[in-house]
Amino acid sequence: MLTLHNTLTGHKDAFQPLDPQRVTLYVCGPTVYNYVHIGNARPVVVFDVLYRLLSRLYPKVVYARNITDIDDKIITACAETGEPMTALTERFTDAFREDMAALNTLQPDIVPKATDHIGEMTAMIETLIAKGHAYEADGHVLFAVESMPDYGKLSGRNLEDMRAGARVEVADYKRHPGDFVLWKPSSDDQPGWESPWGRGRPGWHIECSAMIHKHLGDVIDIHGGGQDLIFPHHENEIAQGCCAHGTEYVRYWMHNGYINIDGEKMSKSLGNFRLVRDLLEKFPGEVLRFALLSSHYRSPLNFSAELLEQAESSLDSLYYALLGRGETVHADPDFRLPEDHPVLTALLDDLNTSEAISALHAVAARLNKAALEEKPTLKAELQAAAQLLGLLEADPSAWFQDKKAGDDGLDNATIDGLVAERTQAKKDKNFARADEIRDQLKDAGIQLEDTREGTRWTRG
RNA sequence: GGCGCGGUGGCAGAGUGGUUAUGCAGCGGACUGCAACUCCGUAUACGCCGGUUCGAUUCCGACCCGCGCCUCCA
C-alpha cells in the first residue's frame, strides 16, 4: 500500500486513486525565463520517482507538467535581452528539457504550455465571474477570496490573519487584500490577448487550474510542487478549481522541501543558486539525481561539493557491484521485482528514497558476495530495484570509462594500448615498468584494476 | 505578530520505546607482485533541562538554537 504525506491533511494518508484505471498526476513546471537551478530540479526528480512508482502500481498514469511561458519575469527578461518572447521561452524550454533528461527523468505524458491555453483560461474566468467568485475592477479580473468559505485550508491561514499580516501595499481596487489576479491588462508594448475584459494576460495561478481541467479532469489525484508554492499559488489554484467546477479539485497535495546553500534557501532572488547546466559540467547527471534522492523529499537538503562527491563515491560502489570482478554476468531477463522488496516498500512509505538507497546497497553487497551461479538473479534484482529510482541504468563499464572522458586528454584506444603494454610487462615480471604505466595513468585520473579476466580501467 | 518545520556519530542521512540503519571518509585484517576493487572486523550519535516508564534518541512539557511561509520563487 502506498502512503503519501498530504499537505491538506498534514499527515501521511493511504493513497486511494479516484479511478485505479487512470491515476492523474500534475506537477508545477518551470517559468522559462532562465536556466533552471538544482532547486528547480528537485521536484522534477522527486516526482519522477513517484511517476515510476505509480506506473508500477497502476495500469495507467497520466502525468502532466506545465511550462509557464507567459509571466512578468519573462517580459522583464525579454526587455533585457531584446529577444521576442517566444524565442526566449522556446530557448529556455529546450534547455529545461535537456537538463532534465540529463537527470534521467522521464518525459511527462503531457507538457502543456500556458500560451496554448488562453481560451481555456478566459472561459474559466468567465465561469468564476458568473458564479459570483470573481469580479472585474480597474481592468483586472480578481478572485474574491471572501466568496469561498474555506479559503486558506491548504496553507492553514484565515482571511483575518491575512488582512492583519499584509506586508505589501494593497491595490485599492481589491475588495479584500487577499483577492488575487485572474486577468490583468497589458500595455501596448506588453504581450497580450483579446478577452472580454480587454487586451491583457492571465494571472499566475489560473493557467494550472485551466490546464488541469482540460487535460486531466475536474478532480485529479495528486498535485505536486515545491513547498514555496503552498501559498499563494496552490491555495489559489484550489480556490479557482473548486469554485469553478464545484469539486475538491485535488485529492493529494505533495510538496518537496528546499535545497539550501550554507543553511539558507537557494533561490533566484537570493542569487545563491547553482544551475543544473553548470553542475553537469563537473558531475554526471546521475550523480546529481542520486544526491537529490539521498535525503527524504520533504526535508531540506544542504547542497555542497562534498554532497556531490559522496554521492559519486556511493554511486560508484553500486556500479562496481554491477561491473563485477572481471567475470561476465548477464542479468536474468525473467527477473521481476517482488512486491515486498525492501526498495519498493521503502518507496511505498511516502517515497523514503534514503531508505530505498540503503536497501540498494544491501542488494549490491549480496551481489558482491554471491557465488557465480547466483549473480544473474542478483544483478537483475539490483537493476530492477534501482530502476524504480531511475538509477543504475547506464552500462557499468561505460559509467566508469566515459564519465569524465576528455579531462585527461587520453582517448580510450590510447589507454587500452598502455594497459596492454603493462599486461605484457607484468607477464615479463617487469613490475617497475608495469607500475610506471599505472602511475602515469593514475596521474591522468585513471585507475587500473587487475581481475582474473584481465586488467580493466576506470576514470574518475 | 500569525502559521509551520527541524536540531542524530568526522560528513551525508534514515529510523525506532529496549536489539547494527545505510553510504562516504577513517582505522585494523584478508585478497594482490605491489595496488585497485571486494570481503571480514572496528571507533565515533541522537541540542539542553525536566517528566512518564522497568527502560527514551524515540512519548509529554519547558528552554536554547537554526530555518521556512505570510511578497515573485521549486
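Values reported hereafter were calculated over all heavy atoms of this structure, with side chains retained and with hydrogens, waters and symmetry mates removed. Note that the structure is predicted; figures quoted are calculated from it, not measured. By convention in this document, chain letters (A, B, ...) are assigned in the order of the sequence lines, proteins followed by strands, and residues within each chain are numbered from 1.
Counting non-hydrogen atoms under 4.0 angstrom, Arg438(A) reaches a base of the nucleic acid. At a threshold of 4.0 angstrom between heavy atoms, the contacts of Arg42(A) with the nucleic acid are absent. Contact annotation for Lys265(A): base contact, defined as any heavy-atom pair under 4.0 Å involving a base atom. Gly225(A) comes within 4.0 angstrom of the backbone, heavy atoms only, and of no base. Nucleic acid contact class of Ser304(A) (heavy atoms, under 4.0 Å, all strands): none. Residue His296(A) is in sugar-phosphate contact alone, with no base atom involved, counting any heavy-atom pair closer than 4.0 Å across all strands shown. Gly326(A) comes within contact range of no nucleotide atom at all, as no heavy-atom separation falls under 4.0 Å. Nucleic acid contact class of Tyr320(A) (heavy atoms, under 4.0 Å, all strands): sugar-phosphate only. At a threshold of 4.0 angstrom between heavy atoms, the contacts of Leu229(A) are confined to the sugar-phosphate backbone, with no base atom among them. At a threshold of 4.0 angstrom between heavy atoms, the contacts of Lys426(A) include nucleobase atoms, whether or not backbone atoms are also involved. Nucleic acid contact for Arg422(A): base, since at least one base atom lies under 4.0 Å from a heavy atom of the residue. Contacts of Leu360(A) with the nucleic acid, taken as non-hydrogen atoms under 4.0 Å apart, are absent.
Atom P of nucleotide A74(B) and atom CZ of Phe96(A) are separated by 10 Å, given to the nearest angstrom. Taking atom CD of residue Gln310(A) and atom P of nucleotide G10(B), one finds them 14 Å apart after rounding to whole Å. For the pair Ile261(A) CD1 and C73(B) P, the interatomic distance rounds to 20 Å; values are reported in whole Å. Atom CD in Gln440(A) sits roughly 20 Å away from atom P in A36(B) (whole-Å rounding). Here C34(B) presents its C1' atom at 14 Å from CG of Asn430(A), a figure rounded to the nearest Å. Residue Asn66(A) contributes atom CG, which lies 12 Å from atom P of C73(B) at whole-angstrom precision. In this structure, Glu237(A) atom CD and C73(B) atom P are separated by 11 Å, rounded to whole Å. With rounding to whole Å, Lys184(A) atom NZ is found 10 Å from C72(B) atom C1'.
In the set C24(B), G15(B), C34(B), the nucleotide with an atom closest to the side chain of Ser317(A) is C24(B). You'll find that the side chain of His361(A) is closest to U22(B), out of G68(B), U22(B), C72(B). Nearest to the side chain of Ser295(A), among G33(B), A25(B), G13(B), sits G13(B). Nearest nucleotide to the Ser314(A) side chain, out of G23(B), G13(B), C72(B): G23(B). Of the candidates C34(B), C37(B), A74(B), the closest approach to any side-chain atom of His37(A) belongs to A74(B). Side-chain atoms of Ala365(A) lie closest to C39(B) of the nucleotides U38(B), U22(B), C39(B). In the set A74(B), C69(B), C40(B), the nucleotide with an atom closest to the side chain of Phe231(A) is C69(B). Side-chain atoms of Glu449(A) lie closest to A36(B) of the nucleotides A36(B), G33(B), C40(B). Checked against G2(B), C73(B), G33(B), the side chain of Asp228(A) finds its nearest nucleotide in C73(B). The side chain of Glu355(A) has A14(B) as its nearest neighbour among A14(B), G23(B), C69(B).
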Practice task
Show the numbers, then the answer: is there a side-chain contact (heavy atoms from CB on, under 4.5 Å) between Phe273(A) and Ile261(A)?
Solution key: CA-CA 8 Å; Phe273(A) 53 87; Ile261(A) 293 285; over 6 Å; no
Problem - Full working for side-chain contact (heavy atoms from CB on, under 4.5 Å) between Leu392(A) and Phe290(A) - result: CA-CA 10 Å; Leu392(A) 303 184; Phe290(A) 190 94; over 6 Å; no
Practice task
Test Arg433(A) against Asp428(A) for salt bridge (charged side-chain N to carboxylate O under 4.0 Å, His left out), laying out the working first.
Solution key: CA-CA 10 Å; Arg433(A) 176 58 186 152; Asp428(A) 300 338; over 6 Å; no
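Summary of the strand contacts: Asn352(A) and Thr451(A) both lie near RNA chain B, and taking for each the nucleotide with the nearest heavy atom, the more 5' one is attributed to Asn352(A). Residue order along RNA chain B, read from the 5' end via each residue's closest nucleotide, puts Tyr297(A) first among Pro43(A) and Tyr297(A).
Judged as a side chain to side chain contact (heavy atoms under 4.5 Å, CB included), and not counting sequence neighbours, the contacts of His330(A) are Thr328(A).
Side-chain atoms of Asn412(A) and Arg459(A) form a donor-acceptor pair, as typed in the model, at a separation below 3.5 Å. Side-chain contact, Asp416(A) with Thr414(A): no donor N or O sits under 3.5 Å from an acceptor N or O.
Of the nucleotides present, G10(B) is the one that pairs with C24(B) by Watson-Crick or G-U wobble criteria, both distances under 3.5 Å. Across all strands shown, C54(B) forms a Watson-Crick or G-U wobble pair, both distances under 3.5 Å, with G18(B). Within the shown strands, C70(B) is the pairing partner of G1(B) under the Watson-Crick or G-U definition, both distances less than 3.5 Å.
Between the side chain of Glu327(A) and the main chain of Arg325(A), a donor-acceptor pair closer than 3.5 Å is present.
Within the structure, a side-chain polar atom (N or O) of Asn368(A) is placed less than 4.0 Å from OP1 or OP2 of C39(B). For Trp204(A), a side-chain nitrogen or oxygen approaches OP1 or OP2 of C73(B) to under 4.0 Å.
Annotation: cation-pi geometry not satisfied between Arg42(A) and Tyr297(A) (NZ/CZ under 6.0 angstrom from ring centroid, within 45° of ring axis).
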